[in-house]
Amino acid sequence: MEDFLSQLNEVQRKAVETTDGPVLIIAGAGSGKTRTLTYRIAYLVKSKRALPSQILAVTFTNKAAREMKERLTALLGDQVIPLWIGTFHSVCARILRTEADKIGLSRSFTIYDTDDSVRAIRKLLSNKGLSPQKYNPKIVHSKISRLKNQFRLPQDILEDEPQDEYDQVVAEVYQEYQNFLRKNHALDFDDLLIRPIEVFDNYPEIRKKYIQKFKYILVDEYQDTNHAQYLLLKRLVNEQKNLCVVGDEDQSIYGWRGADIKNILNFNRDFPKAAVFKLEENYRSHNNILKAANAVVKNNQSRLGKSLWTKKKDGPKINILMASDELDEAKKVVEIIHDEMYTHKRSFKDIAILYRTNAQSRALEDQFRKNAISYNIVGGVKFYDRKEIKDLLAYLKVLVNPADSVSLRRIINFPLRGIGDTTVTKIERFAEMEKITLFEALGQVENIANISAAMGNRVIQFYELMKKFMDLSDKLGTVELVSTLATETGIIHHYQTEYDQYESESRIANIRELFASIDHFTIEREKEGRDSSLASFLEEVSLLTDVDTWNSSSNAVTLMTLHAAKGLEFPVVCITGLEMGLMPLQRSTADLDELEEERRLFYVGMTRAMESLYLTYATKRRRYNSSIINEPSLFLDEIPPELIEYRAQTQKTRTSSKRSKSSARREKIEAYFHNEDDQTNQGDEFRVGQPVYHETFGKGQIIQLEGHGDKMKITVHFFKDKINKKLIKKFANLSPLEN
DNA sequence: CAGCTGTATCTTTTT
DNA sequence: GATACAGCTG
């Protein structure tokens, strides 16, 4: 035991040994967080405080879960198998699947992804006769999702009597949407979190079972948990409050999807007498990188505050490169890669290129292909989001859960079998009237008025085909079932004939890859003695994250968003697109909270780098049709100049232009940010109490002013959402209203 | 009435 | 620069 713990530093070791009661570990970037968590679990088992089956560990991605389990297996052997480890969503799905019978939920429920949910909402809106222009299904969906994450149920909201028409519609659609999901035996991502909370509240004996089961709970990336996840933990944690959370408020980057940074900031209040440990020694990055990152994040106000330090040497300076446009930027990235490879003997896999938006990958990909640089792209169009895969999965979802009408609609006329929209609508109406599912209605198509015998025949054929496979699903192995299905439904044939050779081959290859992954899944699950059914495969697939599908062992440069990079590290990191409007993103520049989140995102990116960090920006960038001229990101200006080396030009011209380029850039930023004198209407335009109007938030009233000129921060109370927002004058676009 | 073709609208990040 | 939807055609 001594020996085992000797691999930790003093704080880490204390965090591991403080097993009972609430524990908060503030773990800075690269401070050995995963190591600490892993050793904590191992320690709980080795010291006989808990059996592996009595421990629940929640990670942010499935990949992190898998890696942690591997490390634990190395420390403890096969006994770790019964340990519960996974993301919030997968753990919740597992609980719901287990308890389904007792809580009136179909055991074979389907999980709807965002796309499915938006489809459903679009339909509900059009049923109400509302135009998608006025009520954008995506926006309605995100509002509903937000409400769910806050654990606000439809009835509560309707009782509250929404203020404006839009909110009223959202509340109504929210309720209808929940009914729709229930009818379809479907849960969306948010339901996965909410339903267990309801179950625990309505079935105390079920809650008790889990409280007793999980003697110790550990949560990673606690700064990115939302309110629903918080409520869930509150219900799951036992009398002794054996809850250990690990997080870093400086790396909270999911506020936009409902993550509540207060969860970590207020942990002490929620769980009194929590032991707090701060891991501040960074084992990852060269000192220059760390100093730069610290200097940037220091500009944020909402943080607990910590100072990361390292014993490592300074290392090279941070390289900043200016490019003329995204093409030039991509070429410079290629230069960086070559340079790192030849002068520092790096291989492709040592290098990661990060960006704010997925769209930025295109220019990079083109250049990489031209220069024979192998790359792996994480995220973007995901494997399981490809059309051919989604179609095949939709078939499987219907087999497992015939009530799933969203999936059924997707496949009823794919491949084309002459059952068009009009016919489907008729069948849908019939199903509605008879109070049966869409699938059941297919079987009774002869009873539906206005459907010709010929059409009815096509419908019946499809119905019988699906029936046949439902029967087969018990008899065949999953892979056999799926491959037979792909052939007999004509999907394979469709992709063989409908596309050019290149596309056809790649789509068929993807389908084969799906077979292989089903096979792999089945074997893995059987080895663990867990559910290996088709339903469980579909669940796993629905809950995969971007990084989960990343093959990190292949020798290729990694391209991904800054969000996806969380938790990872690379010897060489290059962050691209460091321009105003892109990083920080245009719509996040005005709101101080959002600007701080963008800064944290940049901080996360910087701290991924172990040895070399490159930052690039383009003065001009194409964005769909037109080119836009951008200033360099304000975050660049927050890095202390002595840590920076500008590489504005290629090797030859560098020495001559270095000075001028850097000072020119500097002047530009100065002009952009700090020039307060040339304000045209500076002064008494805004005052406390002033009524103002904002494009998105509507009417509000100024309650506080700080600073002056462009940098002035204006706190406004917006009436509609009853919220206060701190905005930066320069970007906020606030117009004063007359009283 | 199914299926094809042209146009409008997006893209911030994701479980 | 793709995708979804409306409108047209056969």
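Lettering of chains follows the sequences in order, A, B, ..., and the numbering in each one begins at 1. A quick note: this is a predicted structure, and the numbers were derived from the prediction, not measured. Quick note: numbers below take in every heavy atom, side chains included, and nothing from hydrogens, waters or symmetry partners.
- Here the rule is salt bridge (Lys or Arg N to Asp or Glu O under 4.0 Å) with A/R409, and of A/D116, A/D421, A/D391 only A/D421 fits it.
- With hydrogens and angles ignored, the 3.5 Å screen pairs no side-chain donor or acceptor of A/T576 with any backbone N or O of A/L615.
- Put simply, A/R122 has a side-chain N or O that comes within less than 4.0 Å of OP1 or OP2 on C/dC5.
- Using a 3.5 Å distance cut-off with no hydrogens or angles, the side chains of A/Y355 and A/E329 do not pair a donor with an acceptor.
- Taking 4.0 angstrom as the limit, A/N413 places a side-chain polar atom (N or O) nearer than this to OP1 or OP2 of B/dG3.
- What separates CG of A/L125 from C1' of C/dC5 is a distance of 15 Å, to the nearest Å.
- In summary, the side chains of A/N300 and A/Y603 do not present any donor paired with an acceptor at a separation below 3.5 Å, with no hydrogens or angles considered.
- No donor-acceptor contact under 3.5 Å links the side chain of A/T561 to the base of B/dT12.
- Which of C/dA2, B/dA2, B/dG3 sits closest to the side chain of A/R362 comes down to C/dA2.
- Listed candidates were C/dG1, B/dT13, B/dA2. Nearest to the side chain of A/T357 is B/dT13.
- When rounded to the nearest whole Å, the span between NE2 of A/H494 and C1' of B/dG3 equals 13 Å.
- Within residues 247-257 of chain A, the residues approached by DNA chain B to less than 4.0 Å at the level of any non-hydrogen atom are A/Y254, A/W256, A/R257, in residue-number order.
- One interatomic measurement links the two molecules: CD1 of A/I111 to C1' of B/dT14, which rounds to 15 Å at whole-angstrom precision.
- Using modelled atom types, one side-chain atom of A/S536 and one backbone atom of A/D531 make a donor-acceptor pair closer than 3.5 Å.
- With both ends at atom C1', the span from C/dC5 to B/dT12 equals 24 Å, rounded to whole Å.
- When rounded to the nearest whole Å, the span between NZ of A/K566 and P of B/dT12 equals 21 Å.
- Phosphate contact (OP1/OP2 of B/dT15, side-chain N/O of A/S90, threshold under 4.0 Å): absent.
- Remark: C1' of B/dT14 and CG of A/L193 are 13 Å apart, rounded to the nearest angstrom.
- If you check every strand for non-hydrogen atoms under 4.0 Å, A/D421 touches sugar and phosphate atoms only.
- Residue contacts for A/K138: at a heavy-atom cut-off of 4.0 Å it reaches the sugar-phosphate backbone alone, with no base atom in range.
- One interatomic measurement links the two molecules: CZ of A/F602 to P of B/dT13, which rounds to 19 Å at whole-angstrom precision.
- Rounding to whole angstrom units, NZ of residue A/K123 and P of C/dC5 are separated by 13 Å.
- Remark: P of B/dT11 and CG of A/D115 are 13 Å apart, rounded to the nearest angstrom.
- Two residues, A/T61 and A/R417, neighbour DNA chain B, and the one matched to the more 5' nucleotide by heavy-atom proximity is A/R417.
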Carefully, step by step, assess A/N184 and A/S405 under the rule side-chain hydrogen bond (donor to acceptor under 3.5 Å, both in side chains).
CA-CA 6 Å; A/N184 284 268; A/S405 65; 2.5 Å; yes
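- Looking at heavy-atom distances under 4.0 Å, A/K426 makes contact with sugar-phosphate atoms alone, never a base.
- Of the candidate nucleotides B/dA2, C/dA2, B/dT13, B/dT13 has the atom nearest to the side chain of A/H563.
- Two residues, A/T87 and A/I419, neighbour DNA chain B, and the one matched to the more 5' nucleotide by heavy-atom proximity is A/I419.
- For A/K620, the NZ atom counts as loosely surrounded, since its 6.0 Å shell holds 12 or fewer non-hydrogen atoms of other residues, nucleotides or ligands.
- No cation-pi contact links A/K566 to A/Y254, judged by a cut-off of 6.0 Å to the six-membered ring centre and 45° from its axis.
- When the nucleotides B/dT12, B/dT15, B/dG3 are ranked by their closest atom to the side chain of A/F189, B/dT15 comes out on top.
- Comparing B/dT11 with C/dA6, their C1' atoms sit 23 Å apart, to the nearest whole Å.
- Defined by atom type and a distance below 3.5 Å, a donor-acceptor pair is missing between the side-chain atoms of A/Q367 and A/E365.
- The phosphate of B/dT15 has neither OP1 nor OP2 within less than 4.0 Å of any side-chain N or O from A/S542.
- Taking 4.0 angstrom as the limit, A/N358 places a side-chain polar atom (N or O) nearer than this to OP1 or OP2 of B/dT14.
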